[in-house]
Amino acid sequence: MPNTAISRRVVLGGGLAVAGAALLSVRGQAKAPAGLPARTVAAASGEKRVSLVAAERTLRLMGADRPASRVWTYGDAPFDLVRLAQGESLAIEFENQLPEHTSIHWHGLRIPNDQDGVPYITQAPVKPGERHAYSFTPPDTGTFWFHPHCDTAAQLGRGLAGVMIVEGDETRAYDADIAIVLKDWRLDVETGGYLPFTTTRGELRAGTFGTVRTANAEIAPRMELPAGGDVRLRLLNLDSTRVGSVGFEGMEAAIIAIDGNPIAPFPLREWRFGPAMRLDVVVRAPAAGAEGRLMDFFAADPVTLATFVGKGDARKARAFDPAPLSRSSVPEPKLKGADRLSFAFATASGGKAALATSADSGDPLAEAMLDSLCAASKTNWSINGQSWPGGDHSRVPPPLFTLREGRTYVAELTNETPHVHPIHLHGFTFKVIKSTRADLPVHFADTVLLTPNDRITIAFVADRVGAWMVHCHLIEHQETGMMGYIRVV
Ligand code: C2O
Ligand code: CU
């Protein structure tokens, strides 16, 4: 078999030439021409073997002339990128060289529960020095990511995350296809070391923000795009905290997929973009020598996240009119006859949090509660009055709901707090049907931003058994109580 370990393509940075060596990890494969991402020729079928080694590595996040930082990554490059074709199966050899246990959750992939990567819930934690094999066939095309699921504020805070792209949804070729990972880092800018990843104030409010904002692990990088071309940019918010509002200046842009799920193209002006969310856009690249910018418009002073420079001969003469992606393979929920669920996201109800009957001893969930990496030390938040127990609890909550395999569920998500919560459901891609506060198109997603006092209606088909986590992806909320699970039987 050809050494297809390959899968880690390396096209995170568009401007590889300017992005610097840190983003390059070309394995057994020709290097992409400067400024152009390598395109993947999708194998028709087969298995892709990938090795991921979580370890501490050094990276100059603040630039070549500034102090380096110690980051935790899965490979030589930050945000290792796995690309594969729809229908291909993945065999992942994972090795943990970190000083603490970890696991890999495949965010947004509709795969079997035993591959979902949640310590104690779907697998044992992978201890320092241990290996773990994951294998699955991602069923859907799109832009996904992967990350740990305990001590996430610290592990993700140090950069432990990767990108997965499942190809096969294009109906018209793009002139380039580039992943752009947005992540802030809690750095002491004098030393390159870390500030505390969490703060009491942040946990109780909107989270603790990073001090250094990056795109593909660089501060406001410049990327070269084929001048006048139609370029697919896959934006990923892999930050633990920041909810931005992304948009472009100096370039036309259209949204073509949300959390990897195709949607009929529509113009992107600004999109509220919370932790874990992804947005695929097509932009018309600037003319040769001209510039466009990816912006966060949320701050009082909009922030430039990346600058794009047109390079080469103009590619397109016709007007900007992005083609839709091919149809999604996510099952369409049939609302008629669906069962109803409701989830209320709120602050913790003091000592009254409804905790279940005590777990049997030997119950892996009970063990989880005693593991300080997986159990919160504080309880600030709840879902339906239950908080994911803190370290002082020896009891485990029951599932928030028990669902029947194959049935369709309509769920109302209600925000009873004055903060925004990016709510994520493991294992199922849901249809976002309506919001009482936000002007959202009907779309499929795995993470949805619940703004203050909002009520969002979603629907999904519970087509795989197991315990599936539901939580806020603002990590300090997740880790101080805003997490639970549903069980599908
Ligand atoms: Cu990215 Cu439990 O999630
Ligand atoms: Cu939250």
Side-chain angles (χ1 to χ4, degrees), residues 79 102-111 113 115-123 125 142-153 155-157 160-164 181 183 198 201-209 236-243 259-260 272 274-278 343-348 368 373-374 376 378-384 387-388 400 413-430 445-454 456 466-486:
F79 314 125
T102 187
S103 66
I104 307 181
H105 168 59
W106 311 95
H107 184 117
L109 296 187
R110 297 186 305 118
I111 57 180
N113 194 244
Q115 302 300 306
D116 200 46
V118 183
Y120 301 105
I121 309 293
T122 69
Q123 67 166 88
T143 305
F144 305 97
W145 68 296
F146 48 97
H147 62 81
H149 223 277
C150 285
D151 202 22
T152 314
Q155 294 191 3
L156 180 60
L160 196 60
V163 176
M164 184 178 299
V181 171
K183 176 177 164 28
T198 64
R201 181 185 162 86
E203 287 167 351
L204 287 164
R205 299 163 67 97
T208 303
F209 291 87
L236 300 100
N237 182 345
L238 303 195
D239 194 47
S240 303
T241 308
R242 190 179 298 273
V243 181
D259 291 351
R272 283 307 297 282
M277 296 167 73
R278 287 92 63 215
F343 297 84
F345 298 87
T347 52
L373 285 192
C374 298
K378 288 175 236 165
T379 302
N380 301 324
W381 305 96
S382 67
I383 305 176
N384 291 355
S387 297
W388 193 251
L400 293 164
L413 315 178
T414 308
N415 186 352
E416 297 179 353
T417 79
H419 299 284
V420 296
H421 303 286
I423 302 301
H424 173 47
L425 170 62
H426 284 212
F428 304 100
T429 300
F430 48 80
D446 53 57
T447 306
V448 68
L449 195 68
L450 202 52
T451 57
N453 304 313
D454 200 356
I456 289 182
W468 302 101
M469 308 309 288
V470 181
H471 61 88
C472 180
H473 226 293
L474 206 153
I475 305 299
E476 285 164 283
H477 293 177
Q478 174 191 5
E479 292 191 333
T480 63
M482 198 176 272
M483 178 157 73
Y485 63 102
I486 57 173

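For clarity, every value in this text was computed on a predicted model and none was experimentally measured. As the structure lists them, so they are numbered: ligands from 1, and atoms in each ligand from 1.
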* **Main-chain N/O of Gly481 paired with Asn380 side-chain donor or acceptor, under 3.5 Å** => no
* Please work out which of the three classes, parallel, tilted or perpendicular, describes the rings of His149 and His105, given edges at 30° and 60°. => perpendicular
* Between Cys374 and Tyr120, what is the shortest heavy-atom contact and its length? -> SG-CE1, 3.6 Å
* **Backbone N/O of Ala344 and side chain of Thr414: donor-acceptor pair under 3.5 Å** => no
* Can you run down the salt bridge (Lys or Arg N to Asp or Glu O under 4.0 Å) pairs that involve residues 102-111, sequence neighbours left out, and say none if there aren't any? => Arg110-Asp140, Arg110-Asp463
* To do: May I ask you to check whether Glu479 and Thr198 show a side-chain donor-acceptor distance below 3.5 Å?
  => no
* Structure fact -> From the list His419, His421, His471, Arg205, side chain to side chain donor-acceptor pair (under 3.5 Å) with His477 holds only for His421
* To do: Determine the interplanar angle of the His147 and His107 rings, folded into 0 to 90°, and report it as parallel if under 30°, tilted if 30 to 60°, perpendicular if over 60°.
  => tilted
* To do: Please report the number of protein N, O or S atoms that lie less than 2.8 Å from atom 1 (Cu) of ligand 1.
  => 3
* **Which residues share a ring-ring contact (aromatic ring centres under 6.0 Å, His included) with Phe146, sequence neighbours left out** => Tyr74, Trp106
* Asked: With a cut-off of 2.8 Å, how many protein N, O or S atoms neighbour the Cu ion (ligand 2)?
  -> 3
